[in-house]
Amino acid sequence: MAELRLEHVAFVLALSLLLMLTVPSTASGQTQADHDIKTVLVLHSYHSGFAWTDRINSGIANLLAKSKHLIDLRIEYMDVKRFESKSLLFPALKYLYSQKYGKGGIDLIIASDNSALDFLLQFRNELFPEVPVVFCGINNYKPEMTNGQSGIGGILENINIAGTLDMALKLLPETRHLTVISDNTGTGKLHLQMFQSEAPAFAKRLEIKELIEWSWSELKENLKNLPENSIVLALSLHRDSAGVSFSESEVSDFLKSNCQRPVFTLWDVKVGPGTLGGLVMNAERHGEAAAQMALRIIEGKIGKNQIPVESDSPDMYVFDYSELKRFQISESQLPLHSNVINQPFSIYRQYRGLFISIIAMFILMVLLVAALSTILMLKRRMEQEKAEIEAHTRHQQKLESIGTLAGGVAHEINNPINIIMNYGELIKSMSEPGGKIDDYSQAIIEECERVAGIVRNLLSFARQDTETRRRCDIREIVEKTLSLTHRLLYKDNIRLASSMEDDLPHIECNGQHIMQVLMNLITNARDALNERFPGTDDNKVINISCHTFEKNGAKWLRTIVEDYGPGIPVEIRERIFDPFYTTKPRDKGTGLGLSVSHGIIKEHGGALSVESKMGRYTRFYMDLPVDNPQPDAKISQD
């Protein structure tokens, strides 16, 4: 128990010691914090509730609140708009402020508008000696205004009268009359002086009328009687000649009810129902600029006796939505980056950024889909071309393999066929003419001859024939071929028609082989015509024509064999040059004719192709190079 009590006492002593060490530190921190507090007095020329002043104050307060310094903000309203007799008001305010701030403690003063600056220039040395002053909202500033005073500077209210009028005339080019309204307050008089300095630039374009000394009733009558093609520039409308003051909302209602012409302004706080808009001064931003300069002085970045004077120009066009509609002015007519206020609620306007993002994403998706579609289409095309190349390669390999096989088979068959044929002829010579043995031996001989013909075709297909090529006249080759087939075609009531181009060039070729190709094409045409027209018909005609043409800078000779038979189906057309493929009965063909012909033309560096339309015609094109024939040459149909 004794040990426990000792531990308890030790814990209490340690805690007490810790508290003793901490308290001085906290007190020191509090002292430091108190020492860092800066007291800033904001002296407003006008009253709370005056829109311009309220927004100036908002700009100042918001920016100072973000400062790393602790700012004790004091705000005073001089209420000059409603009580402008400075001879009575200023001494009373001097007494009031001496009582409130006579003991000092003000680190910096921000003076809002001309009356506040005038008051400080008069009484600063008595009330706030050596306290730096930053002003804002100052009109018609001249350097001599601060003669004899140090530590005074700030932001000038540089309203843009010319810019607003130029914009108004662009929106309303028919304008011929300008009415300028200003009250008899000190601010109103300063604004009027600024307008009068700009007026000569517009005197030739506009008839200008100034309304200065007026009562509200007189102003009402003047506004109702404005001529056509008029605009109004409202400078200051707060108090009439009788001293009756209107608030901003009352002025707005007054203009809306009594003025049927567009009213322009120079301050954003005045834009609204009754006032169309203008190139305006932004009150809140103006206050922020003054507060920013004040902070730079507090932080020592600007010396207290080196405060600059800077201009703050209007940076935006602001318009009221209802006034634009009232005077039928489209938003598309407004200057770029104009701000339209008081617009009715619109989902698009409220979420414009979201809509733009969605549309941009949609366009991006469409572009991606289009890109993917293009890629897939190109991929399919490449795959198709690859498949065609592979099919062509396989076909060539098949032809080469079959050619090799055909050559070997032909040699193996040729010898026994010759022996059988010889024995057939021997039997026939020993048999009685007209008897059965004679008939059988004749059949043996004929079948052997047919097989021998197949063997010769196989040998030709295998390219075993090495007959020498020479310069040949294609006209002569065609005529010889026609003479050989004439009797056969005549027997089947088929007419031959030929058309040969004059001065056909000679070509280097194996004439017998070319005749073989033509014979094969004519025979196929004959079979097609007999299939479609078994008897006599005017359409049983085979047309043969020859002409030259150029392809890729080279000269070619084309021979066309055309018939009006049933045509060749597409599915068959792709296989007609395959070896042993035929649609004829077994005793009518072997399927080697077109394969052999295709090989012959290819060996000559040419191309054999077909064009056919079912029920109309079939055309075979035999294309041969005129000069320098190259084997395996390819050519498309013309």
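Of the possible polar contacts, none joining the R532 side chain to the G567 backbone as a donor-acceptor pair under 3.5 Å is found. R470 places no side-chain N or O within 3.5 Å of a backbone atom of G511 that could act as its donor or acceptor partner.
Atom-to-atom distance recorded for F362:CZ and S357:OG is 15.0 Å, nearest 0.5 angstrom. The CZ atom of R558 lies 6.0 Å from the OG atom of S609; values are rounded to the nearest 0.5 Å. The line from CD1 of I329 to CG of L334 is 7.5 Å long, rounded to the nearest 0.5 Å. Atoms CD1 and CG, on I427 and N422 in that order, are 11.0 Å from each other to the nearest 0.5 Å. Between atom NZ of residue K551 and atom CG of residue D623 there is a gap of 10.0 Å, rounded to the nearest 0.5 Å. Remark: L172 CG to F327 CZ distance equals 8.5 Å, nearest 0.5 Å.
For the side-chain contact (heavy atoms from CB on, under 4.5 Å) test with L518, the passing option among V561, I544, T523 is V561; the others fail.
Judged by distance alone, the side chains of T618 and S612 do bring a donor and an acceptor atom under 3.5 Å apart. In this model, a donor atom of one side chain and an acceptor atom of the other lie less than 3.5 Å apart for N524 and N520.
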Before giving the answer on side-chain contact (heavy atoms from CB on, under 4.5 Å), spell out for R526 and D563 the whole-Å C-alpha distance, their side-chain angles and the decisive distance to 0.1 Å.
CA-CA 8 Å; R526 166 182 171 262; D563 67 73; over 6 Å; no
I231 vs L226, side-chain contact (heavy atoms from CB on, under 4.5 Å): CA-CA, chis, key distance, verdict:
CA-CA 9 Å; I231 60 172; L226 291 177; over 6 Å; no
Go through the steps to decide whether L624 and I601 satisfy the test side-chain contact (heavy atoms from CB on, under 4.5 Å), and finish with yes or no.
CA-CA 7 Å; L624 293 167; I601 300 304; 4.1 Å; yes
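Note that R619 lies in the cation-pi zone of Y617, set by a 6.0 Å cut-off to the ring centre and a 45° limit from the axis.
Taking every heavy atom of both residues into account, M167 and L279 meet most closely at CE-N, 4.1 Å. Here the shortest heavy-atom pairing between D439 and G434 reads OD2-O, 4.2 Å. Shortest non-hydrogen contact noted between T481 and I477 is OG1-O, 2.8 Å. Of all the heavy atoms in I437 and S431, the pair that sits closest is CG2-CB, 3.5 Å. Contact between S441 and G424 at its shortest, heavy atoms only, is CB-O, 3.6 Å.
Every residue meeting the side-chain hydrogen bond (donor to acceptor under 3.5 Å, both in side chains) condition with R326, not counting sequence neighbours, appears here in chain and number order: E323. Remark: N160 engages no residue in a side-chain hydrogen bond (donor to acceptor under 3.5 Å, both in side chains) (not counting sequence neighbours). Judged as a side-chain hydrogen bond (donor to acceptor under 3.5 Å, both in side chains), and not counting sequence neighbours, S373 has no contacts.
Environment of CD in E383: crowded, with over 12 heavy atoms of neighbouring residues, nucleotides or ligands closer than 6.0 Å. In the displayed structure, H486 atom NE2 is contacted under 6.0 Å by at most 12 heavy atoms of other residues, nucleotides or ligands.
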